[in-house]
Amino acid sequence: DTLESLLYNEAMNPLKIVYFGTPHFSARLLEKIINDSTLPLEIVTVVTRPDKPVGRAQTVTPSAVKTVAQTQNIPVVHTITPEELTALGVDLCLVCSYGKILPDALLRAPKHGFWNIHPSLLPLFRGASPTAYTLLMG
């Protein structure tokens with residue numbers, strides 16, 4: 001399936017999306033999805049890493065994605081099961097810089113699966129810095 005065909009086929013009802021992400025890069029994409037009124041999407045839940053201590057004072061700080069989701073009153077969880085995805089009636093899961101490997105059972109749960117959004121040209125440029133290497137190679 002392509003996004004265009006999914007959106008066309010589901011035009012009468014917005015696609016129910018669960019968004020997986022953690023850092024600022026991912027939060028910016030989440031904001032763009034939320035603010036684009038032309039996309040027939042409904043973010044029903046956000047899955048992000050737990051809050052963690054940051055800086056010298058070790059202040060417990062939420063992820064950037066959690067902060068965006070909370071400002072939009074979108075439920076936030078740190079884990080989700082295949083059964084919970086099914087119960088939510090999720091059509092598609094979007095993953096952008098989540099930071100964890102997802103189990104196969106979870107990947108098979110949504111109607112249209114999981115789509116990973118990554119700014120590099122994987123698998124062409126692999127390694128420790130695939131995004132930086134993509135930029136360096138032009």
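Remember, it's a predicted structure, so these values are computed and weren't measured experimentally.
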Item to check | G21 versus S26, closest heavy-atom pair with distance | outcome: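 Looking at all heavy atoms of both residues, the closest pair is CA-OG, 3.3 Å.
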
Checklist entry - Where do K16 and G89 come nearest, in terms of heavy atoms and distance? => result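 Smallest heavy-atom distance, with atoms named: CD-O, 3.5 Å.
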
Taking [Y] as the starting point, is it possible to reach [X] by hopping between hydrophobic residues whose side chains are less than 4.5 Å apart?
X   : Y    : answer
V46 : I80  : no
V18 : L102 : yes
I43 : L29  : yes

Would a distance-only check, ignoring hydrogens and angles, find a side-chain to backbone donor-acceptor pair under 3.5 Å from [X] to [Y]?
X   : Y    : result
T67 : S63  : yes
D36 : K32  : no
T22 : Y98  : yes
D91 : K111 : no

Item to check | Verdict with supporting geometry, L85 and L106, side-chain contact (heavy atoms from CB on, under 4.5 Å) | outcome: CA-CA 8 Å; L85 285 179; L106 190 66; 3.5 Å; yes

Atom [atom1] in [X], atom [atom2] in [Y]: separation rounded to 0.5 Å?
X    : Y    : atom1 : atom2 : result
K52  : T59  : NZ    : OG1   : 13.5 Å
K100 : H78  : NZ    : NE2   : 10.0 Å
L39  : L15  : CG    : CG    : 9.5 Å
L88  : E42  : CG    : CD    : 10.0 Å
S97  : I117 : OG    : CD1   : 9.5 Å

Next on the checklist: Does C96 form a side-chain contact (heavy atoms from CB on, under 4.5 Å) with F25? I'd like the steps, not just the answer.
Outcome noted: CA-CA 8 Å; C96 181; F25 170 79; 3.3 Å; yes

Could you tell me if the side chain of [Y] sits less than 4.5 Å from the side chain of [X], heavy atoms only?
X    : Y   : value
T79  : V47 : no
D51  : T61 : no
I17  : V44 : no
P110 : L92 : no
I33  : L94 : yes

Checklist entry - Is there a side-chain hydrogen bond (donor to acceptor under 3.5 Å, both in side chains) between Y19 and T48 once you walk through the steps? => result CA-CA 8 Å; Y19 188 88; T48 190; over 6 Å; no

Please table the atom pairs, donor to acceptor, closer than 3.5 Å between any side-chain atom in residues 69-77 and protein atoms at least two apart or in another chain.
unit_1, atom_1, unit_2, atom_2, d
T71, OG1, V68, O, 2.7

Next on the checklist: Is there a side-chain contact (heavy atoms from CB on, under 4.5 Å) between T86 and T81? Walk through the geometry before answering.
Outcome noted: CA-CA 9 Å; T86 302; T81 65; over 6 Å; no

Checklist entry - What orientation do F20 and F114 show, parallel under 30°, tilted 30 to 60°, or perpendicular over 60°? => result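 The rings of F20 and F114 sit tilted, inter-plane angle from 30° to 60°.
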
